[in-house]
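Contents: one structure, followed by commentary.
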Protein chains: 4
Amino acid sequence: MSTDGQAATSAGRPRSEEAHAAILDATLELLVEVGYPALTVEGIATRAGVGKATIYRRWSSKLPLVIEAFGQLPALEEADTGDLVADLESMLRSYVRVFNSTPLGSVYPSLVGDCANDPELGKLLSPLLMERRRPLVHAFERAVARGELGPEIDLELAADMVVGPIAVRVFFSDRRLNPRIVPRLVQVALEGIRNSARGGSA
Amino acid sequence: MSTDGQAATSAGRPRSEEAHAAILDATLELLVEVGYPALTVEGIATRAGVGKATIYRRWSSKLPLVIEAFGQLPALEEADTGDLVADLESMLRSYVRVFNSTPLGSVYPSLVGDCANDPELGKLLSPLLMERRRPLVHAFERAVARGELGPEIDLELAADMVVGPIAVRVFFSDRRLNPRIVPRLVQVALEGIRNSARGGSA
Amino acid sequence: MSTDGQAATSAGRPRSEEAHAAILDATLELLVEVGYPALTVEGIATRAGVGKATIYRRWSSKLPLVIEAFGQLPALEEADTGDLVADLESMLRSYVRVFNSTPLGSVYPSLVGDCANDPELGKLLSPLLMERRRPLVHAFERAVARGELGPEIDLELAADMVVGPIAVRVFFSDRRLNPRIVPRLVQVALEGIRNSARGGSA
Amino acid sequence: MSTDGQAATSAGRPRSEEAHAAILDATLELLVEVGYPALTVEGIATRAGVGKATIYRRWSSKLPLVIEAFGQLPALEEADTGDLVADLESMLRSYVRVFNSTPLGSVYPSLVGDCANDPELGKLLSPLLMERRRPLVHAFERAVARGELGPEIDLELAADMVVGPIAVRVFFSDRRLNPRIVPRLVQVALEGIRNSARGGSA
DNA sequence: TCGTAAGCGAGACGGTACGTCGAGTCTTGCT
DNA sequence: AGCAAGACTCGACGTACCGTCTCGCTTACGA
């Protein structure tokens, strides 16, 4: 008899948003302080001033909790200077900086590794990771709009061409990547993207 | 230097090579069967028919053991057809295949994640990971030797340009990557590498 | 008696007598079904169709609730045949029967054990336990009135002399006491009570 | 190839007798300090300087552990003065004293109550409780040997006749029983035992 | 007749202990 | 000295209840 449309609020005391936020905050703090492998639900509960049951009522285990907390983190900070090269270099540099200077760089692969054995969780993490490189895709879109690049560009591939080589080094080779390779990398990647779009050498 | 022979062979019963191999085998088997997060030293010992102490006598913890077992795995199978494009496409396709169809794809990031919090272990893992993409570098070296590419090429960067975009997708986006993007990717990467080596558009 | 009425009736909704009864009933049912150690307030609330708060509004904890529920149970069913021996034997037999065939036998000592660490609760339980053997005392009183026993009898002691040996066996030795010892026990106890009342052998 | 007859000592490190003893000691200490209901396995483990697993390896739960610890306690201290009345009075007085002055008196009924729902555990506790009143039975045996009592006496019943009324009061009525009733009780009980043995009044 | 004050079922809250499991270490007797 | 076996301490796991605290509601009373 009304236009309420609400979900009936279900009986009983509603879940505390305070507790929810405190848990996510504590998770991120501890992630930074002790790293993912040493992260414990017990520790999170203590830090958040919350009972363990309150955590398990919301998340079935440590992993989805960390994924949600991780999702709260700011993504790649978007740069929009009007110039594609400048945009990409700026964003990649900030990318390298974050992974060099915060323990969050180690959370990334841990999460991926732990999710790999559980497709359900993978589905939670994947879109989140995709979302995080969206600023790169946007930079290419703007370049296309400005006429810097032809409209036939594969935006996803272009983004992966610039972020892939960085990611591969940052995760799988020597820690503390030197950010000086960023300009060279951007140059090579853009050269390939531009030329092969026009037909390439093949 | 006369009676040197071995490193003094030290007194007592020598370590069993059988046990050593059995442990590494059991580790790989279990890695495949249950995945890295569910891997336990106790399980490895049982499977190998070995006491836990025998494992800890050789490896200080689970991680270096897994790293050594991981190192036993065959690397990227080298392709040498005389044509750079063919070589790269063949190797990347096998790369995608392995990560799509074996649990090895999950071990990789797990290892990296766990190592990230212990630099000592990172030093064990890093060279191993570098070694695994060596076939890619070799393909570029052969191309340079054949004159397909100029000698001023940055081989490491070149390798990362082709493997990076693949790796980034295989690990961080939708599982089960479609291998059809391989030729397009190789084309774009080579275009960039070739052109920017000659001075590029910058 | 004019304006006194009740104890101010206090404002607000009165406590539901339905809920009260449902709680006590549920308590007894569960006591029988799962036993005292496995009895939970949560279970009682669910069974009674009542919120936990409604229970805690009336009883400070599980123990006083169980004590009150326990108090609702029928006491030793009084036998009055005109003959002391017959009365005692009848009542003791029913005593043995109840403790052999219902979980009430386990509630008794559990209650006592839990009360022992809280004198306040002990004060609630004690009179209740005293009340339950009152029929035995009455039987002796009637025997005195009939002249079967002299008036100098210590009624409490007499009651304990007949119920004590039974209780001690029912609680602390082999479960499922054989009721055939009842007549012999009554005989011995009465013999002692009668003789020592007249001065005894001391 | 020998007459060893041992149980082969089974492989592996043998269970530590030190730990075993430390656990039982800690259990008794805590039983006295905090009482049975507040006794926790975690507390015992901490006090004993032992891991929880070491406790659960030996006892399936708190109850059998407490039963075993309880079994270590000294029984009713035997009195042998050559006179039945003196023996009984002495032992009963010590019985009353223990229950009046130590928290162990509360452990007794708690144990019985918790065992009542598990026949398997009851079988562990029962013989132990029987054993504890053995000194009373012995006193009657000596009296028979001395000719104080006829040989047709039912020793078990006799023991229960003296301890039952005490037990029933100590457990189920007012805490802190007055030991002055002991002589009177012994007198009444013995009177009954002696007279009904000769045929009684029935 | 209506507010106001309590009681109501429901269920989340911070805690505490449970019983299990795995890590890495230690102690048997045997090789 | 190494070996398999298995107990050791430690500490986190995820679950279950405790006794308390909101929720939105119902129910009586007194203004």
Side-chain angles (χ1 to χ4, degrees), chain A residues 8-16 18-20 38-46 48-58 60-62, chain B residues 9-16 18-19 38-43 45-46 48-62, chain C residues 8-16 18-20 38-46 48-62, chain D residues 8-16 18-20 38-46 48-62:
Chain A
T9 46
S10 73
R13 176 172 174 177
R15 298 207 173 157
S16 157
E18 248 180 278
H20 197 93
L39 189 71
T40 69
V41 174
E42 225 138 39
I44 295 169
T46 303
V50 137
K52 268 200 291 179
T54 300
I55 295 182
Y56 284 107
R57 207 173 284 123
R58 291 153 205 274
S60 60
S61 73
K62 181 169 82 162
Chain B
T9 41
S10 68
R13 176 175 174 177
R15 293 196 178 170
S16 154
E18 251 180 273
L39 188 71
T40 69
V41 174
E42 228 136 39
T46 303
V50 135
K52 272 203 290 177
T54 301
I55 296 182
Y56 283 106
R57 207 173 285 121
R58 293 167 156 82
W59 296 276
S60 61
S61 77
K62 183 168 81 160
Chain C
T9 39
S10 70
R13 177 175 174 176
R15 295 196 177 169
S16 155
E18 251 181 274
H20 197 93
L39 188 71
T40 69
V41 174
E42 227 136 37
I44 295 169
T46 304
V50 136
K52 274 202 290 177
T54 301
I55 295 182
Y56 284 105
R57 206 173 286 121
R58 294 166 156 82
W59 297 277
S60 61
S61 76
K62 183 170 80 161
Chain D
T9 45
S10 73
R13 176 174 174 176
R15 297 206 175 159
S16 157
E18 249 180 278
H20 198 92
L39 189 70
T40 68
V41 175
E42 226 137 39
I44 295 170
T46 303
V50 137
K52 268 200 291 177
T54 300
I55 295 182
Y56 283 106
R57 208 175 282 123
R58 294 166 155 79
W59 296 278
S60 61
S61 74
K62 182 170 79 160

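Note on naming: letters A, B, ... go to the chains in the order of the sequence lines (proteins, then strands), and numbering restarts at 1 for each one.
- Here the P atom of nucleotide F:dC10 and the CD atom of A:E42 are 16 Å apart, to the nearest Å.
- The heavy-atom pair separating D:R15 from D:R57 by the smallest distance is NH1-O, 3.3 Å.
- Judged by atom type and distance alone, D:R13 does not reach the base of F:dC8 through any side-chain donor-acceptor pair under 3.5 Å.
- Comparing E:dG24, E:dC13, E:dC18 by their closest approach to the side chain of A:R57 singles out E:dC13.
- Note: CD (C:E18) to P (F:dT26) measures 16 Å, nearest angstrom.
- Counting non-hydrogen atoms under 4.0 angstrom, C:A45 reaches nothing in the nucleic acid.
- Each of D:R58 and A:Y56 was assigned the nucleotide of DNA chain F with the nearest heavy atom; the assignment lying further toward the 5' end belongs to D:R58.
- Between C:I44 atom CD1 and F:dC18 atom P there is a gap of 8 Å when expressed in whole angstrom units.
- The base of E:dG19 lies close enough to the side chain of D:K52 for a donor and an acceptor atom to sit less than 3.5 Å apart.
- The nearest heavy atom of DNA chain F to C:S60 and to B:P14 marks one nucleotide each, and the one closer to the 5' end goes with B:P14.
- Residue-level contact check: C:G43 touches neither bases nor backbone, having no heavy atom under 4.0 Å from any strand.
- D:R15 has no side-chain polar atom (N or O) that falls below the 4.0 Å cut-off from OP1 or OP2 of F:dG6.
- For the pair D:Y56/D:V41, a side-chain contact is recorded, criterion being any heavy-atom separation below 4.5 Å from C-beta on.
- Between D:K62 atom NZ and E:dC18 atom C1' there is a gap of 11 Å when expressed in whole angstrom units.
- Regarding D:H20, its NE2 atom lies at a distance of 13 Å from the P atom of F:dT9, rounded to whole Å.
- OP1 and OP2 of F:dA7 both lie 4.0 Å or more from every side-chain N or O belonging to D:T54.
- Taking only side-chain atoms of A:A19, from C-beta outward, the nucleotide of E:dG14, F:dA5, F:dA4 with the closest atom is E:dG14.
- Residues A:H20 and A:R58 bring a donor and an acceptor atom of their side chains to less than 3.5 Å of each other.
- Listed here is the closest heavy atom pair of D:G51 and D:A45: C-CB, 4.3 Å.
- Residues passing the salt bridge (Lys or Arg N to Asp or Glu O under 4.0 Å) test with C:K62, sequence neighbours excluded: none.
- Rounded to an integer number of Å, the gap from CD1 of C:I55 to C1' of F:dC21 is 16 Å.
- With DNA chain E read from its 5' end, the first of the two nearest nucleotides for C:S16 and A:V50 is the one closest to C:S16.
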